[in-house]
Amino acid sequence: MKRQYDHRAVEPRWQAYWEQQHTFRVTEDLSKTKYYCLEMFPYPSGRIHMGHVRNYAIGDVVARYKRMRGFNVLHPMGWDAFGLPAENAAIEHGVHPGLWTDENIRYMRGQLRQMGLSYDWSREVTTSEPEYYRWNQWIFLKMYERGLAYRKRSAVNWCPSCETVLANEQVEEGHCWRCDSVVIQKELDQWFFKITDYAEELLKGLDGLTGWPERVLAMQRNWIGKSEGVEVDFPLAEPLGDLKAIRVFTTRQDTIFGATFMSLAPESPLLEGLIQNRPQAAVVREFVTRVSRQDKAVRTAADREKEGVFTGAYAINPFTKLRIPIWVANFVLYEYGTGAIMAVPAHDQRDFEFARRYGIPIRLVIQNPTGSLVEERLDAAYEEQKSAGALVNSGQFSGLSVPKAKEQIAEFVEAQGLGQRTVMYRLRDWGVSRQRYWGTPIPIIYCDACGLVPVPEGDLPVRLPKDVPFTGRGASPLAQVREFVSVRCPTCASPAKRETDTMDTFVDSSWYFLRYCSPKADQLPIEPAAAGYWMAVDQYIGGIEHAVLHLLYARFFTKALRDLGLTTADEPFRSLLTQGMVCKETYRCPTHGWLFPDDMVWSDKDGWHCAQCQSQAEKGRVEKMSKSKKNIVDPEHLIVTLGADTARLFSLFAAPPDKDLEWSDSGVEGCSRFLNRVWRLMIDLQPLLRQGAHTTSSEDVSSSGGTSRSQELRRLTHRTTKKVTTDIEREFQFNTAIAALMEFVNGLYKFVAERGPDDQPAETQALREAAQTLILLLGPFAPHLAEELWEMLGQKPSIANVPWPQYDPALVASERLTIPIQVNGKLRSKIEVPADSSEEQVITLARQDAKLSEWLQGKSPRRVIYVEKKLVNFVV
RNA sequence: GCGAGAGUGGCGGAACUGGCAGACGCGCGAGACUUAGGAUCUCGUGGGAAACCGUGGGGGUUCAAGUCCCUCCUCUCGCACCA
């Protein structure tokens, strides 16, 4: 047996074993408690990166640990295979997106296998396959039936030169990523999912997600953005036909007496009516056109200057009965509220700036507690609500506090029939139409006679045609395929046209975790019984970048599918772990930009230099690994040179999972060194431990008798077991669990070195227990090495289902304790006492301590503090 | 501006309900074994000559504070004209 651990031989061997033995294949087993461990499935971009390694290493520890704890563990993997990069590859290199994707999947699947991850590969799911996306279509149709999918005109990014729609990420500072033309907004008919129907449930549900990080919950709350207020009608001073009033939404009804003007969104359809036959008409139209031409990102930037124009029309403030001008303002959003606001310059900063700029009156209606606000001399809006004083200039409501006024004015509005209390959400419906090829075709047919006709369920899937022109220009690729577009109407059989938009790829990832429960189901997307057993996901692990969209859509889908009777789960993910980014230091050359490590030469005198121009490389910040910063480390290279176990171990050891991890090549070597240390230790012990390999359980090691050295070793074994177990259970503190394993190994080395030549049976037994425990505890972290050692010690493979070691609490406790002695809170000495010493005994021993008397200098302590088993503190 | 999180040795990071600050690893130093080692093993390693000083700064509570309270500073991330 080689003393150097050969991961190149060992790792593939166990990967093949697990595969052949179907070690990680699971089925529903009602006699066992299930545990569903899931990592976010990857986009098949070509090769795995360190972020994947970290993500999947974390998940694999959880899955393997839970399996050893006796759970029936579902741990699946698949591919988020639709998406823009495949289509870009087609445009740029002429490869078909399907082929490109399949090749990437094949390669990356191999890489994941090399990592030794405990997946049930028989459940693998690929979203770009018709067997999967047909169910996207099926779900879409069910949503359509229930009014949860609908069509609406909506703006998209449009490049006038490429004549194509651009995704948000293809718009770079308002310009097309390919041709640099200015991107404009264009209105198209598009499909939406009515996620807003679930706004309240999505918000309420967050309270129950106790296993989610606070900041993700906060982001989702913020995204849903619930606000309670009132809608109020402001009558027009001169009614225009049917239009007698303009409705606004406000959360600050308490300031309504201060509303000195109104503002409409530039997109408001009311505008045309208001400006007709007025001298202002031309100016308003010009303003609206100018604003609507602006890029959305530019227009909604927070520091954007507030501007607007007067429409010429007036409304009546229903409380003050004053005529107030109606303006159009660039900062008023058409999509939110009613697209019109009452403007209260004294108590809203935006309105304040606007009023100042255009000379509109400012009316103070809330006075601060000190009464120092003067209407004529405000330099900013007074927006304070919590500590605000009281209403002024507000008729019968003057004198009320802000909360009281909100309440009473809302009541008054309703009583007078001016409007009603309303709850508004920031959350918008989810636009799912994409003018792309590589996605799920939307299963809808447009017939001149019958109108919009859903594709009958029996005709699913609507397959993507294979021969499609990829030019990156003009209409969506599918629209150019006549055989795809022209179709017979399912109802009347007359010639009709297919929808050519495909679905947002977030649709695919919104329910894949449900599909894993019954990946081969062909009657329904999900077998309710299977979902009933496995759902919800007990532990979901992935990047923080999905804190809002993916996780919110997945929650929405789960609820919608629940309402279709496919699952009983209300929430998809019981617990969420958002792993930190993998970062690394960066280097820059003043002339050649970012540098790869290979682009630099080392000088002992003054560090790294640019290999091209010899100028000194500046050490940049530690940043997230990225190609552009040239600070990436290729996992494959690492796996080949040092092995998968090392790669896994380092990504778990260098930082707690939820924190950013700073890559360090020497740190990686340290982990490799540790595994080799374990290997050599076991190789050396093997002859001793193999004999009598049949006695394996810890009960065989008698806890009475034995040498004190064997007792010490057993204590270390059981302490380590406790530490590793609690560290995994408590917030997945893998870094400290691994540290404990390292201490364990250090202790074992020491024990072996000090061990005499004579064969003490108790010591051998204790050693055997220690070795076996070490291997099992190491199993979830470095599974290949652990399997190999387990077998080497004469055990039957595999460790995957060997019960997790138990610790004996009696053994964990020491017989002797070291008690620090403090004088006035400062450490002055230490004494060793038997663990069962009483308070009096410890204090007496402490008083006798030689070093202590030096510090007491004859003075008798005023007070003695004793903390059980912890310390003694003399106060003088 | 709002929300979340973080600031501890030369570095990554430990420290459960307040109770020995710096576990473990890296790096560094010394020694051992070696023809040699950048392999391996052992020991040491916060600063300071010492008294002492040390967990972003200042204040407080306490016998005792990285941990609790007040206050300030810095950094990271997310959202950001949502009425």
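So that the names make sense, note that chain A is the first sequence line, chain B the second, and so on, each numbered from 1. Computed from a prediction, not measured in an experiment: that's the story for all the values here.
- With 3.5 Å as the limit, one finds no donor-acceptor pair spanning the side chains of A:Gln4 and A:Arg680.
- Put simply, the side chain of A:Arg221 and the base of B:C79 share no donor and acceptor less than 3.5 Å apart.
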Can you name the atoms? Protein N/O to nucleotides 18-26 of chain B N/O, anything below 3.5 Å, with the distance.
| from | atom 1 | to | atom 2 | distance (Å) |
| --- | --- | --- | --- | --- |
| B:C20 | O2 | A:Lys830 | NZ | 2.4 |
| B:A23 | O2' | A:Glu743 | OE1 | 3.3 |
| B:A23 | O2' | A:Glu743 | OE2 | 3.1 |
| B:G25 | OP1 | A:Asn746 | ND2 | 3.2 |
| B:C26 | OP1 | A:Arg673 | NE | 3.3 |
| B:C26 | OP1 | A:Arg673 | NH2 | 2.7 |
| B:C26 | O2' | A:Ser666 | OG | 2.8 |

Evaluation steps, side chain to side chain donor-acceptor pair (under 3.5 Å), between A:Thr726 and A:Tyr807: CA-CA 11 Å; A:Thr726 52; A:Tyr807 59 90; over 6 Å; no

I'd like a list of close polar pairs between nucleotides 43-54 of chain B and the protein, N/O only, cut-off under 3.5 Å.
none

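- Side chains of A:Gln579 and A:Lys659: no donor on one and acceptor on the other come within 3.5 Å.
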Dot-bracket summary - RNA chain B, pairs being Watson-Crick or G-U whose distances fall under 3.5 Å, with | when paired to another strand: (((((((..(((......[....)))((((((.......))))))((....))..(((((..]....))))))))))))....

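- Classification of A:Arg357 and A:Glu305 as a salt-bridged pair holds, one side-chain N sitting under 4.0 Å from a carboxylate O.
- If you look at A:Tyr553 and A:Trp430, their ring centroids are closer than 6.0 Å.
- Within the nucleic acid shown, A:Ser227 comes within 4.0 Å of sugar-phosphate atoms alone, with no base atom in reach, counting heavy atoms only.
- In this structure, A:Arg677 forms a cation-pi arrangement with A:Tyr749, its terminal cationic atom sitting closer than 6.0 Å to the ring centre and no more than 45° off the ring axis.
- Relative orientation of the A:His550 and A:His546 rings is perpendicular, given thresholds of 30° and 60° on the angle between their planes.
- No salt bridge links A:Lys750 with A:Glu712; every basic N to acidic carboxylate O contact stays at or beyond 4.0 Å.
- In this structure, A:Lys226 pairs ionically with A:Glu200, as a charged nitrogen and a carboxylate oxygen lie closer than 4.0 Å.
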Pair A:Thr586-A:Asn631, side chain to side chain donor-acceptor pair (under 3.5 Å): steps then yes or no: CA-CA 6 Å; A:Thr586 52; A:Asn631 61 344; 5.7 Å; no

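- By the 4.0 Å N-to-carboxylate-O rule, A:Asp254 lies close enough to A:Arg252 to be salt-bridged with it.
- Not one side-chain nitrogen or oxygen of A:Arg215 sits closer than 4.0 Å to the OP1 or OP2 atom of B:C79.
- Across all strands shown, A:Pro656 has heavy atoms under 4.0 Å from sugar-phosphate atoms exclusively, and none from any base.
- If you check every strand for non-hydrogen atoms under 4.0 Å, A:Asp660 touches sugar and phosphate atoms only.
- Taking the syn range as angles within 90° of 0, the glycosidic angle of B:G9 is syn.
- Contact check, A:Arg863 against B:C63: a side-chain N or O comes under 4.0 Å of OP1 or OP2.
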